[in-house]
Amino acid sequence: MKKFLIVMKAEITKQQQHDYHSAYVYFSLLIWPILGFFEVYYAYKPFELTDYMGIEDGKTLLAFLGTGFMAYTCFWSMVQNAWSMANQERRGGTLEIAFLTPASRLAMSYGRALGALIQEVWMFVCFCGFLLMYTKTIRWDNLFLLPAVLLLLIISSTVWGGMLNAVFLFSRDASIVMDVFDMPMTLFSGTRVPVDSFPCWAKIVSMVFPLTYCINIIRFALHIQKSSRGWRAEILGLLICLGVMTAVTVFLIGRAERHNRETGELQFY
């Protein structure tokens, strides 16, 4: 376990030195999610949303969108970073290190994901925390839940990012994979629209993404919106989803390594 954590720490440090070397980088990582958040908020604000799916007023709408965007930003950064790291290392000729090193491949995948999460999301999480205090969503009876909610979001995002890092080992141009994962996740996970308002087929699609369960649990814990399935079902669904993603990650890394040993190439196409 100690070696596993050391490998993850090394990957986080590598990303910090490579990608996050300027204050301007940190500023840009904060400003774009906030602009996207206010774009959606002011798109909804002119319409009457009184008591729609538990959204009673403007402050509830702010809390609803703020929690959705906070969770989505974490997961989106995983997609972006997984593609960026695989693309940079493939062009730089250093992607082979993933299979030449004796370090755990799984630890490397999770370390790359966690590095992006820590560097790209912490300021937006601070902004969302201020937003929740402004809307009085954070109260004394749910304040103690915030560390647990944040830990849940970090673990889920890291497992998601680790799986994507394994997926991007197979392709020289994975930009289409970004589109395949990003847009459906934005639409069906409930970041902007309550999942309960979807038709049955869309609700089934939403169950594929761990972000759906994270957002539902966060909003349920903060009393922003009730969950139609209950928090136990949401946690169980998230655990099953994370278990499946971990198994897929291990399978993909093993298959990529076997392919590399047989052909000497890291790409399947």
Side-chain angles (χ1 to χ4, degrees), residues 49 51-56 59-79 106 110 113-114 117 121 124-125 128-129 131-133 135-164 181 184-251:
L49 297 172
D51 204 26
Y52 175 74
M53 294 288 179
I55 302 176
E56 301 174 354
K59 287 189 174 182
T60 308
L61 178 61
L62 271 174
F64 176 87
L65 294 176
T67 50
F69 262 78
M70 178 185 68
Y72 168 72
T73 301
C74 293
F75 278 75
W76 175 83
S77 68
M78 300 298 98
V79 180
L106 191 62
Y110 288 154
L114 190 58
L117 180 67
V121 179
F124 189 71
V125 171
C128 188
L131 192 68
L132 293 177
M133 288 188 290
T135 58
K136 298 181 180 180
T137 303
I138 298 178
R139 300 188 297 268
W140 291 110
D141 60 337
N142 60 19
L143 183 62
F144 70 97
L145 293 174
L146 290 182
V149 165
L150 186 59
L151 181 62
L152 177 73
L153 193 57
I154 290 174
I155 293 175
S156 302
S157 301
T158 303
V159 175
W160 171 258
M163 185 185 71
L164 293 179
F181 278 109
M185 184 174 66
T186 306
L187 175 61
F188 295 111
S189 60
T191 57
R192 303 176 181 181
V193 181
V195 175
D196 289 339
S197 65
F198 289 155
C200 183
W201 66 267
K203 291 180 180 178
I204 295 174
V205 174
S206 71
M207 296 172 66
V208 176
F209 299 102
L211 177 58
T212 304
Y213 304 101
C214 287
I215 290 178
N216 289 342
I217 293 171
I218 292 172
R219 288 172 177 163
F220 180 82
L222 298 179
H223 305 291
I224 298 174
Q225 195 176 32
K226 294 182 180 179
S227 173
S228 60
R229 295 190 293 261
W231 65 271
R232 291 185 179 87
E234 297 290 351
I235 292 178
L236 179 61
L238 178 61
L239 291 176
I240 294 174
C241 196
L242 294 180
V244 171
M245 287 193 301
T246 302
V248 171
T249 304
V250 173
F251 170 78

Taking distance alone, no hydrogens or angles, what donor-acceptor pairs closer than 3.5 Å link side-chain atoms of residues 64-71 to residues at least two apart or in another chain?
from: T67; atom 1: OG1; to: A63; atom 2: O; distance (Å): 2.9
from: T67; atom 1: OG1; to: F64; atom 2: O; distance (Å): 3.0
from: T67; atom 1: OG1; to: R219; atom 2: NE; distance (Å): 3.3

To the nearest 0.5 Å, what is the distance between [atom1] on [X] and [atom2] on [Y]?
X: S156; Y: I217; atom1: OG; atom2: CD1; result: 7.5 Å
X: L238; Y: L152; atom1: CG; atom2: CG; result: 5.5 Å
X: I235; Y: I240; atom1: CD1; atom2: CD1; result: 12.5 Å
X: L236; Y: R232; atom1: CG; atom2: CZ; result: 11.5 Å
X: C214; Y: F75; atom1: SG; atom2: CZ; result: 4.0 Å

Any side-chain heavy atom of [X] within less than 4.5 Å of one from [Y]?
X: V159; Y: Y110; value: yes
X: F188; Y: M207; value: no
X: T186; Y: R192; value: yes

Nearest non-hydrogen partners of [X] and [Y], listed with the distance:
X: S206; Y: V195; value: OG-CG1, 3.7 Å
X: V149; Y: A221; value: CG2-CB, 4.3 Å
X: S189; Y: L211; value: OG-CD2, 3.3 Å

